[in-house]
6 protein chains.
Amino acid sequence: MDSVLDIAKKIQTMEIRGAGTIARAAAGALKDYSQQLDEKSVKKFNTKISNAANILVATRPTAVSLPNAIRMVMGYTGDTVDEARTDLIRRADQFIESSKEATERIGAIGSRRIRDGDTIMTHCNSQAAISVIAQAHKAGKNINVIATESRPRRQGLLTIAQLNELGINTSLIVDSAVRYYMKDVDIVVVGADAVTANGSVINKIGTSQLAMAAHESRTNVIVAAETYKFSPRTLMGEMVEIEERDVSEVMDSEKLSGMLHVSVRNPAFDVTPSDYIDVICTEVGAISPEMSYIIIRDILGWDLQDMLDNEI
Amino acid sequence: MDSVLDIAKKIQTMEIRGAGTIARAAAGALKDYSQQLDEKSVKKFNTKISNAANILVATRPTAVSLPNAIRMVMGYTGDTVDEARTDLIRRADQFIESSKEATERIGAIGSRRIRDGDTIMTHCNSQAAISVIAQAHKAGKNINVIATESRPRRQGLLTIAQLNELGINTSLIVDSAVRYYMKDVDIVVVGADAVTANGSVINKIGTSQLAMAAHESRTNVIVAAETYKFSPRTLMGEMVEIEERDVSEVMDSEKLSGMLHVSVRNPAFDVTPSDYIDVICTEVGAISPEMSYIIIRDILGWDLQDMLDNEI
Amino acid sequence: MDSVLDIAKKIQTMEIRGAGTIARAAAGALKDYSQQLDEKSVKKFNTKISNAANILVATRPTAVSLPNAIRMVMGYTGDTVDEARTDLIRRADQFIESSKEATERIGAIGSRRIRDGDTIMTHCNSQAAISVIAQAHKAGKNINVIATESRPRRQGLLTIAQLNELGINTSLIVDSAVRYYMKDVDIVVVGADAVTANGSVINKIGTSQLAMAAHESRTNVIVAAETYKFSPRTLMGEMVEIEERDVSEVMDSEKLSGMLHVSVRNPAFDVTPSDYIDVICTEVGAISPEMSYIIIRDILGWDLQDMLDNEI
Amino acid sequence: MDSVLDIAKKIQTMEIRGAGTIARAAAGALKDYSQQLDEKSVKKFNTKISNAANILVATRPTAVSLPNAIRMVMGYTGDTVDEARTDLIRRADQFIESSKEATERIGAIGSRRIRDGDTIMTHCNSQAAISVIAQAHKAGKNINVIATESRPRRQGLLTIAQLNELGINTSLIVDSAVRYYMKDVDIVVVGADAVTANGSVINKIGTSQLAMAAHESRTNVIVAAETYKFSPRTLMGEMVEIEERDVSEVMDSEKLSGMLHVSVRNPAFDVTPSDYIDVICTEVGAISPEMSYIIIRDILGWDLQDMLDNEI
Amino acid sequence: MDSVLDIAKKIQTMEIRGAGTIARAAAGALKDYSQQLDEKSVKKFNTKISNAANILVATRPTAVSLPNAIRMVMGYTGDTVDEARTDLIRRADQFIESSKEATERIGAIGSRRIRDGDTIMTHCNSQAAISVIAQAHKAGKNINVIATESRPRRQGLLTIAQLNELGINTSLIVDSAVRYYMKDVDIVVVGADAVTANGSVINKIGTSQLAMAAHESRTNVIVAAETYKFSPRTLMGEMVEIEERDVSEVMDSEKLSGMLHVSVRNPAFDVTPSDYIDVICTEVGAISPEMSYIIIRDILGWDLQDMLDNEI
Amino acid sequence: MDSVLDIAKKIQTMEIRGAGTIARAAAGALKDYSQQLDEKSVKKFNTKISNAANILVATRPTAVSLPNAIRMVMGYTGDTVDEARTDLIRRADQFIESSKEATERIGAIGSRRIRDGDTIMTHCNSQAAISVIAQAHKAGKNINVIATESRPRRQGLLTIAQLNELGINTSLIVDSAVRYYMKDVDIVVVGADAVTANGSVINKIGTSQLAMAAHESRTNVIVAAETYKFSPRTLMGEMVEIEERDVSEVMDSEKLSGMLHVSVRNPAFDVTPSDYIDVICTEVGAISPEMSYIIIRDILGWDLQDMLDNEI
């Protein structure tokens with residue numbers, strides 16, 4: 001159980017970041033936990049696994065991929081503990097594999113939209129977005145990247161380190177400089193934390209104003225998003241809840257507590273409307289954001305009527 | 001001369017910040033310097049003062065107020081050193097006085113556009129903008145302020161401290177959260193570093209994307225700008241040069257030097273087009289940005305024909 | 001037959017209003033009529049029912065739900081009059097039931113998009129829109145509604161009466177005041193008379209300028225529409241005809257007839273483009289307007305190839 | 001005094017409507033009152049006139065023309081009652097004359113922008129706008145007018161009556177149908193109640209959404225406004241206060257009082273931003289809205305520095 | 001083989017123009033060629049046909065319909081040369097027939113969106129667009145057409161000749177006059193060379209600025225496009241390559257070669273974003289551009305998973 | 001008189017093109033004519049000159065500079081023929097000189113807004129625009145130009161020849177390709193035939209759609225316009241009449257005459273709204289378009305009150 005709690009904590013503190021990494025970590029945590037359990041009774045095994053799953057789901061309420069990953073793993077069956085464990089491990093491995101492959105395929109698809117000589121802007125630290133950029137670079141295209149710092153957690157520093165490793169020329173800018181440089185940007189590539197049923201994209205705070213600035217300059221926006229980011233629950237009208245993170249990410253808490261009239265607001269994500277998005281690159285193709293309903297129904301395979309009958 | 005160099009350095013390192021403060025500091029530095037000089041010859045006195053003036057002007061090329069302030073002080077005349085010094089001091093005092101008053105008057109004018117119950121967004125740390133907010137608060141209007149952090153130098157922390165002192169409820173947000181909160185903002189109040197002849201506003205990096213987000217949400221934008229911010233040289237086609245500041249403001253220089261393919265871009269200002277500005281509140285009234293030409297000609301009193309004849 | 005004519009008249013004079021109410025009234029009228037007929041011959045029974053159906057369809061050419069409802073009822077079969085009558089009644093009851101449920105489900109789905117503290121604007125008198133508002137209120141959310149008068153028939157007076165009954169704080173405004181209040185509106189909720197194959201919404205005159213004003217202020221627009229409002233014929237290029245109603249609804253006919261050069265134009269509906277609509281809440285989920293084709297094909301189950309082969 | 005009170009009441013109840021008519025009525029009322037007074041003492045004469053002026057000014061706080069007219073008349077001087085009365089009458093006559101002429105001249109200027117075959121949309125009942133339309137018709141241009149009803153007071157009925165009298169083909173529509181017809185409108189002509197220092201136009205509620213719909217359809221908007229409508233006080237940051245009129249104009253007060261949760265909001269005017277206005281036709285020329293400052297300073301002749309020194 | 005080379009040349013030199021005509025010509029060329037071949041061995045027959053197919057595909061890389069047509073014909077099977085030839089001919093005939101019918105059906109669907117009295121603007125020389133216009137005319141609607149010259153090849157001259165033949169009133173304008181006349185245009189009808197998976201339309205250079213001007217004037221844009229224009233490869237991120245044609249189409253090559261610093265750029269197509277398109281009329285209905293994915297998957301019947309597995 | 005008629009013909013046939021060239025040619029023609037006249041009577045001299053002036057003014061009704069130039073020359077006075085001739089020649093020379101200098105000064109002012117590395121788009125063949133480009137090049141800035149063909153008269157060919165002569169890298173494109181290349185354009189520089197009192201720019205057909213495309217891509221538009229292009233008559237509401245030129249410029253007249261249902265429309269200019277213009281560079285400075293009224297009043301020195309009193 002310690003390893004599950006450890007992963008849960010790392011997800012919560014954002015030591016483990018990125019929707020795919022979170023999802024794979026959660027799947028992996030369940031797998032590891034199942035291997036540590038020496039229960040004899042399937043029922044007890046299931047209960048313990050289920051408890052672990054609930055703990056993991058609760059760490060990041062806005063991470064759509066987390067419950068998706070766990071739901072996929074939790075579909076395991078088995079009459080004996082061994083059978084159950086074996087199936088659970090198989091499902092976890094399969095999810096981890098296909099989700100890793102997804103990032104690779106998105107890179108292949110998205111990179112075709114990058115032209116030789118392009119200047120690309122990206123925000124925060126999305127592995128799917130970096131996959132698009134990296135594969136364009138690997139294909140021999142001469143590209144330049146502008147990466148935002150992405151306050152408050154400054155994940156842009158991770159992005160420039162990764163791009164530097166790949167040998168891609170990159171400039172780091174503060175988040176306020178997005179519009180200043182946008183006129184010279186050829187294409188914007190960002191990731192997604194969730195995609196709603198009507199094609200809005202939930203992503204790191206700042207994405208929506210970056211997309212707005214791109215729209216103002218007629219710069220196309222590519223969202224790189226694995227299909228497990230598409231949120232079935234939004235079809236039922238539900239809005240993706242925007243998590244507010246700790247104020248200490250923004251400023252020194254002690255200093256803050258000395259100011260009676262001041263508070264800090266620290267939303268982790270924002271919502272980019274589909275109007276500002278040219279294309280969503282998923283592992284099943286480059287689609288318009290409005291196609292989200294079809295992804296949820298035909299690719300993720302949800303039975304929407306069932307969902308609606310149960311929920312409303 | 002040490003005091004002049006000291007002020008020059010403080011302007012350059014942004015220890016002295018804000019166009020008005022800079023302008024007054026420069027005027028004051030010349031005044032102080034004139035009092036320290038014990039030259040007997042007017043000619044030598046003038047040369048030394050002139051050298052000091054040139055040093056001061058060179059510290060911040062984009063600060064329109066700086067040359068304006070110095071030009072006003074340098075208009076002194078006198079046949080003896082005493083006469084010259086006396087006139088110089090009088091002019092410096094007068095500029096300092098009127099520029100301080102300007103901020104107050106702008107506050108009085110701008111605050112009338114704030115309504116009871118308004119949520120105001122501001123950016124960076126502009127004394128003119130704070131004057132507008134403070135006078136609205138003093139007039140008994142119930143207001144809330146959202147202040148941006150304003151990376152890289154985080155002048156937003158100064159703003160929240162000032163507003164806290166005044167007892168005004170304020171929320172601090174990162175620069176990326178501007179669009180997230182904009183839908184609920186009633187009015188935006190920002191300062192200006194310069195206003196061009198065709199009504200664009202040069203201000204702290206991030207201002208233009210804040211104004212764009214305001215425009216998208218039908219939120220009016222007030223620019224609070226003393227008339228000494230209006231740039232006569234832009235009438236001659238000249239663009240306001242955007243200063244790039246030290247990369248260490250954005251990230252650790254040592255870490256940066258270890259990354260071959262990464263650079264940091266750190267522009268200090270950006271340009272907000274007049275389309276995104278509802279009104280510029282100056283000490284001579286609340287005008288449309290397009291009226292900039294008239295301010296330069298009729299209020300600042302420049303002889304444009306002369307300027308053009310000399311420059312082209 | 002009198003009851004059919006009576007219902008037909010009430011539909012025509014708008015005593016019976018609202019697409020759902022009309023549809024259910026028409027289905028009910030056929031059911032009642034079938035119960036009154038004491039024909040012995042199925043053929044005569046069918047002819048009489050068919051005549052009644054035609055009379056009902058002809059009352060409101062723009063009401064998409066009317067032919068949809070009647071087509072569903074008219075699918076009855078039976079070898080004897082009794083069998084036919086029984087099947088007709090069953091189908092009518094089923095349509096009435098599911099259409100009523102639809103409004104309830106739309107309310108459940110749409111109300112999730114209303115947040116605590118929201119100010120909602122609505123237009124005319126749509127039961128689906130009111131269902132959204134009412135369920136948000138019932139869920140304990142503190143909401144305020146702004147309702148337009150909706151000239152010429154002033155159905156806004158019905159809306160405020162219904163909302164008052166529910167204990168929801170409501171302000172009535174004239175239609176010209178929509179933009180004046182829009183900046184402070186959080187979300188717009190309107191109904192629909194028809195949805196076209198490419199996602200446009202036909203609704204009460206004034207809806208499109210309300211949606212335009214919402215768009216200008218970055219206010220999201222929810223359209224609450226039962227799937228029977230989606231028009232299959234528009235897939236064949238057909239435009240939804242906009243009915244012009246009697247001039248006396250707008251001004252005194254006698255006075256008008258005294259003015260040689262003056263006429264009155266009284267269109268009942270207008271067309272809101274999909275660009276101005278955030279989401280359409282149907283009983284099968286919250287979708288983007290562009291998904292209309294899928295609703296017509298997969299939910300309403302039309303065989304489009306057949307339609308095209310027959311029509312073109 | 002009865003005649004003054006009578007005029008004041010008629011202004012308040014909107015029996016006297018239209019900024020020009022109000023201004024002339026107020027000037028005329030002071031003139032008439034001065035003729036009725038048989039005071040011997042100039043001081044008493046002045047006091048009584050001054051009281052009457054104050055009563056008149058108070059009737060409509062948003063009518064810029066009213067204080068302008070009264071200020072012009074109140075500039076009378078005289079050492080004796082006869083002298084004072086004579087000068088007052090002269091000034092009143094002059095204002096009335098020039099204001100009437102203004103409407104005529106605006107018609108001449110604005111009508112040149114109407115082309116043969118144009119369809120014109122107008123809102124409410126502006127004499128300046130009608131002057132533009134009438135002179136285009138008189139010049140032999142074949143025009144059609146679409147006039148809005150202009151709820152709540154339905155001044156559109158006055159407009160269609162006037163246009164009918166002139167033999168101009170006119171269609172009356174409800175306010176909600178503005179966007180429905182706008183695509184086929186060639187030019188919009190509206191009046192103004194006030195023009196602010198930064199070029200916004202305050203006019204009858206509904207004007208701003210009409211202008212927005214015109215902008216969406218690339219239809220030019222002419223504002224017909226006498227220079228006495230330009231508001232000097234807005235230069236000092238003051239916003240034009242939007243009067244809320246009696247709820248009974250919108251719905252039956254008794255019915256309303258029976259509904260606990262319902263209120264009526266009845267703003268008389270709204271604000272159209274300069275972005276939506278192509279040209280303002282004044283009696284001194286067809287100018288861009290941003291030129292408002294120049295009109296106030298150079299045509300109305302206000303000493304702005306004085307205003308600012310006194311007010312702030 | 002001469003006939004194949006002849007057709008290939010005519011496609012390349014644009015003697016054969018228009019995506020449908022090209023596709024049918026290519027299908028016809030393969031059919032004719034198969035009839036000329038007197039090979040005895042199926043293998044040799046297949047090789048020769050395959051070579052011919054490759055030559056044809058290579059003539060116009062951006063013409064989506066060309067590979068689609070050839071792929072359909074190349075699906076022939078047969079154990080003997082006779083069998084193979086017979087099947088090839090059958091498939092070629094069927095494609096030619098259905099593609100001709102498509103144009104007719106698109107005309108029937110699109111023409112329903114033309115209203116009596118409409119002014120229609122069209123660009124270049126699209127048979128599908130002309131079919132829409134012609135059927136509206138044949139249905140007795142009184143219409144006027146504005147046709148652009150469509151430099152550099154001036155295909156507008158073909159369009160006006162065709163429309164003249166049909167007795168439809170048409171005005172010819174230069175491409176620069178599009179915005180000048182757009183305000184008075186009721187609807188724009190253009191063809192397409194390709195439609196991408198996210199709903200962009202690739203068509204003759206100039207289409208995108210025509211659509212932009214239409215959008216600015218709230219004029220709806222109909223794209224008339226056979227389903228064989230929808231590009232499956234764009235789903236994999238691939239961009240439609242924009243062919244650059246010979247500079248001599250734009251200016252005299254000799255004159256050009258005398259100018260050292262001058263080059264000519266001659267792109268044949270441009271990309272119109274889905275935001276500027278109201279509806280795409282295909283032979284399977286009038287759909288929103290975002291529905292492109294569904295057309296490719298459900299109408300053209302591509303197995304996208306297969307495509308992705310093979311390509312990435 | 002022959003020389004006057006010759007110049008008049010050359011203006012009419014556009015052999016003499018460009019507003020400045022036309023204005024100078026007309027001034028020169030009057031000068032030459034005055035030198036040829038050997039009248040003894042001043043009255044006869046004046047009459048003949050006046051007739052010549054009227055002929056010249058009538059050649060191009062939309063060329064604002066033409067009447068301006070002639071009015072300036074016609075201000076000559078003199079009691080004898082010799083005196084009159086001398087004064088006329090002096091005034092013509094002065095106008096010619098100052099108008100030539102204007103182009104140079106505009107180049108100096110406008111070129112400051114061009115940055116090193118910029119790609120500039122221009123339309124038609126404006127000497128003022130070319131002056132801006134040429135001086136940026138002369139200042140050592142590395143620039144590239146995209147020049148449109150400018151159908152129907154293809155003045156773009158003159159532009160590329162001039163730029164080639166100056167050694168400036170230039171690409172020629174057809175007018176339809178404007179939007180295709182705009183995303184990569186840094187700044188647009190065009191001339192003007194007239195500027196209206198509310199800041200609209202009348203220029204060669206196609207300018208307004210080029211400016212619209214620039215606006216869509218956040219590309220700034222510089223209009224290079226001598227102050228003699230500003231039209232005082234537009235202040236009186238007058239619209240600048242758009243000349244329609246001969247159809248044979250667009251297509252072969254004979255071919256056209258064979259097509260009963262086809263006509264050609266050939267407007268020479270269009271109107272660009274001030275919203276699409278960043279700055280107008282005149283010889284008296286870089287101003288916002290809205291400043292046009294001030295140029296007409298304060299630089300051209302028109303007495304507007306007089307104009308209005310005489311005209312209305």
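Below, chains carry the letters A, B, ... as their sequence lines are ordered, and counting in each starts from 1. Basis for what follows: all heavy atoms, side chains included, without hydrogens, waters or symmetry-related copies.
In this structure, chain F has no heavy atom under 4.5 Å from any part of D:Ile280. Interface residue D:Asp278: backbone and side-chain heavy atoms are both found under 4.5 Å from chain F. Residue contact with chain D, scored on non-hydrogen atoms closer than 4.5 Å, involves the backbone of F:Thr234 exclusively. The contact between D:Ile287 and chain F is made by backbone and side chain atoms together, counting heavy-atom distances below 4.5 Å.
No side-chain donor-acceptor contact under 3.5 Å links F:Asn198 to the backbone of D:Ala286. Formation of a donor-acceptor pair under 3.5 Å by the D:Arg113 side chain with backbone atoms of F:Met239 is not found in this model.
D:Ile109 and F:Leu235 get closest at one heavy-atom pair: CG2-O, 4.2 Å.
Considering CZ of F:Arg233 and CZ of D:Arg112, their distance stands at 6.5 Å, rounded to 0.5 Å. Between D:Ser274 atom OG and F:Glu290 atom CD the span is 8.0 Å, to the nearest 0.5 Å. Considering OH of F:Tyr293 and CD1 of D:Ile295, their distance stands at 5.0 Å, rounded to 0.5 Å.
Atom CD of F:Glu244 has more than 12 neighbouring heavy atoms from other residues, nucleotides or ligands inside a 6.0 Å radius. Within a 6.0 Å sphere centred on CE of F:Met74, other residues, nucleotides and ligands contribute more than 12 heavy atoms. Under a cut-off of 6.0 angstrom, the local environment of CE in F:Met72 is sparse, with at most 12 non-hydrogen atoms contributed by other residues, nucleotides or ligands.
Screening residues 105-129 of chain D for ring-ring contact (aromatic ring centres under 6.0 Å, His included) gives no qualifying pairs among residues at least two apart or on separate chains.
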